[in-house]
Amino acid sequence: MSSAAPPRPASFSAPGRLRGTVAVPGDKSISHRALMLGALAVGETVIEGLLEGEDVIATARAMRAMGATVERDAAGAWHVHGVGVGGLLQPQTALDMGNSGTSTRLLMGVVASHPITATFTGDASLSRRPMARVIEPLGRMGAEFFATPGGDGGDRLPLMLRGLCPAVPIEYRLPVASAQVKSAVLLAGLNTPGITRVIEPVATRDHSERMLRGFGADLTVETAGDGARIISLRGEADLQARHIVVPGDPSSAAFPVVAALLVPGSDVTVTNVGINPTRAGLFDVLRMMGADIALLNEREVGGEPVADLRVRHSALRGIEVPPEIAPSMIDEFPILFVAAALAEGRTVTRGLDELRVKESDRLAVMARGLARCGARVSEAADGLVIEGSGGAALAGDETRPTVAAELDHRIAMSFAVAGLASRDGVRIDDMAPVATSFPGFTAMMTALGAVAA
Ligand code: S3P
């Protein structure tokens with residue numbers, strides 16, 4: 001796990017343009033869900049393109065600990081022999097979730113309606129993140145949560161969870177736009193009699209809905225008069241094993257895409273990128289800023305829309321980012337802030353309180369790091385305001401400034417890209433967390449022409 005790994009500092013710079021065609025690893029959200037639903041289905045699920053990052057491996061380990069067989073074959077496909085909904089076994093040791101909020105919150109949903117008890121632990125970053133948002137609805141369904149020694153006694157890990165079977169079906173209106181909370185309730189609903197219903201006032205990523213249907217669950221989505229999505233799942237479901245092809249992760253593609261936009265003379269193609277509208281907000285916002293991003297070869301892979309992205313260096317303009325677009329790019333704000341730092345004029349972002357409870361406080365950590373790199377940035381309660389350089393390379397007071405990634409993979413990769421667009425490069429104190437979501441990141445960037453040392 002990244003918490004235990006020794007820090008791996010690295011400096012990034014770009015002496016010239018970035019060129020080439022690359023593919024990013026599989027989508028993290030879809031990979032987690034494929035392992036979980038495969039473990040709850042009957043029969044053998046085969047997953048191609050699974051993200052082999054630490055977060056997803058934590059999910060695989062947890063599903064094994066609860067009785068599923070999860071194996072990788074020599075060709076790189078993953079085979080999951082599920083136990084059937086309701087068939088999970090009591091894990092014999094604590095489930096170590098590493099850095100992964102998605103593993104934690106979704107698996108809490110899975111465990112909540114099984115007659116088992118599980119303890120969830122995580123690294124320093126994960127142990128600071130709020131769990132009340134899942135404790136509350138899962139508690140209404142009958143699950144019980146207990147603080148464990150070493151925890152803070154509140155809603156932080158480590159936590160012990162005792163599931164209830166049969167659990168109580170609920171209708172739950174999401175108080176916060178969170179696909180993790182939505183998914184936790186739906187996954188708990190799988191082994192619950194009757195209809196479990198989630199109402200989401202603002203649409204969040206819909207991979208759970210798509211994949212639950214794909215596995216044969218009886219799930220419907222309606223739109224209410226006020227535009228809210230009403231998702232209804234019939235419980236005590238029989239899930240059937242299936243073959244899944246995981247598309248490339250748009251949240252990972254974001255880094256080479258923005259790097260190509262910022263480094264003069266660049267022309268980069270990223271193949272096989274998921275462009276599900278609930279995930280692709282960054283590409284829309286970059287286009288609003290003047291980015292040259294062409295979607296080529298649009299197609300469907302495993303029930304998800306996919307395209308190749310051809311990206312050429314572009315002069316970006318600052319904009320006011322519409323707050324309603326935030327859920328479709330919630331993980332992409334750190335790299336958008338880097339793009340904004342190189343744009344002409346002011347970029348204003350608001351409505352981003354959720355960024356404070358990600359792997360780090362992404363508003364504070366990005367504001368601090370960008371300032372070190374020489375960007376003009378001010379931090380508001382719920383967003384950043386950035387005065388761009390108009391394309392001029394970033395230059396702070398120090399030669400090659402060092403920024404702290406705070407155990408946050410996306411912060412580390414964002415500052416690697418900032419380094420490519422800076423006068424003397426940027427040093428990141430620890431690139432180790434990148435392994436949670438994007439193994440091979442540094443190799444890919446250097447293949448395109450970046451220098452990492
Ligand atoms: C995810 C949902 C988002 C996102 C996370 C992955 C998911 O979290 O930030 O990286 O796979 O459901 P929230 O639900 O907290 O917004």
Side-chain angles (χ1 to χ4, degrees), residues 25-37 50-51 53-56 58-59 97-110 122 125-126 128-138 155 172 174-188 198 200-212 229 231 246-247 249-255 274 276 278-282 304 323-336 351-363 382 407-414 433-434 436-438:
D27 189 283
K28 183 152 77 69
S29 292
I30 296 174
S31 296
H32 284 301
R33 287 156 173 81
L35 289 170
M36 291 178 197
L37 294 189
L50 187 88
L51 169 64
E54 287 171 0
D55 280 12
V56 174
T59 292
M97 302 282 96
N99 190 252
S100 179
T102 309
S103 309
T104 309
R105 295 189 178 123
L106 270 57
L107 285 174
M108 284 179 167
V110 170
S125 151
L126 183 57
R128 282 192 292 267
R129 299 182 65 185
M131 295 297 148
R133 56 184 60 199
V134 285
I135 293 175
E136 209 266 318
L138 298 176
D155 73 328
Y172 192 66
L174 292 180
V176 45
S178 166
Q180 293 178 352
V181 177
K182 166 175 68 177
S183 303
V185 174
L186 292 174
L187 288 167
V198 179
E200 67 172 1
V202 185
T204 64
R205 64 190 68 194
D206 64 355
H207 306 303
S208 295
E209 295 93 305
R210 287 174 189 251
M211 202 181 285
L212 279 162
R229 292 175 80 238
I231 306 147
V246 181
D249 197 326
S251 299
S252 297
F255 301 104
N276 179 321
T278 63
R279 292 289 300 285
L282 173 73
E304 293 275 347
E324 60 276 11
I325 216 166
S328 66
M329 57 174 292
I330 195 67
D331 292 335
E332 281 63 77
F333 280 95
I335 189 64
L336 176 72
L352 304 180
D353 331 43
E354 273 295 298
L355 294 198
R356 296 208 182 271
V357 291
K358 295 294 182 187
E359 285 83 331
S360 68
D361 176 344
R362 287 181 171 165
L363 293 179
D382 66 342
L407 279 185
D408 187 328
H409 53 133
R410 299 199 201 283
I411 299 285
M413 290 185 277
S414 297
V434 169
T436 60
S437 71
F438 198 160

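First listed ligand is number 1; within each ligand, the first listed atom is number 1. These numbers come from a predicted model, not from an experiment.
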Among all protein heavy atoms, pick out the one at the shortest distance from [atom]; state its residue, atom name and that distance to 0.1 Å.
{"atom": "atom 13 (P) of ligand 1", "result": "Lys358 NZ, 3.4 Å"}
{"atom": "atom 6 (C) of ligand 1", "result": "Thr102 OG1, 3.3 Å"}
{"atom": "atom 11 (O) of ligand 1", "result": "Ser29 OG, 2.7 Å"}
{"atom": "atom 12 (O) of ligand 1", "result": "Arg33 NH2, 2.6 Å"}
{"atom": "atom 14 (O) of ligand 1", "result": "Ser178 OG, 2.6 Å"}
{"atom": "atom 10 (O) of ligand 1", "result": "Asp331 OD2, 2.7 Å"}

Next on the checklist: Can you confirm whether the side chains of His409 and Ser437 place a donor and an acceptor under 3.5 Å from each other?
Outcome noted: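 Their side chains do contain a donor-acceptor pair, which is all the 3.5 Å distance test asks for.
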
Polar side-chain atom of [X] near backbone of [Y] as donor-acceptor pair, under 3.5 Å:
{"X": "Ser31", "Y": "Leu51", "value": "yes"}
{"X": "Asp249", "Y": "Lys28", "value": "yes"}
{"X": "Asp206", "Y": "Glu209", "value": "no"}
{"X": "Arg129", "Y": "Ser125", "value": "no"}

Item to check | Residues forming a side-chain contact (heavy atoms from CB on, under 4.5 Å) with Arg356, sequence neighbours excluded | outcome: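 Arg356: side-chain contact (heavy atoms from CB on, under 4.5 Å) contacts with Asp361, Leu363, Ala364, Glu379.
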
Under 3.5 Å between some N or O of ligand 1 and some N or O of [X]?
{"X": "Ile330", "value": "no"}
{"X": "Glu354", "value": "no"}
{"X": "Ser183", "value": "no"}

Next on the checklist: Applying a heavy-atom cut-off of 4.0 Å, say which part of Arg205 lies close to ligand 1: side chain, backbone, both or neither.
Outcome noted: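 Looking at Arg205 and ligand 1, just side chain atoms fall under 4.0 Å.
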
Item to check | Which residues share a side-chain hydrogen bond (donor to acceptor under 3.5 Å, both in side chains) with Asp331, sequence neighbours left out | outcome: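 Asp331 satisfies side-chain hydrogen bond (donor to acceptor under 3.5 Å, both in side chains) with Arg205 once adjacent residues are dropped.
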
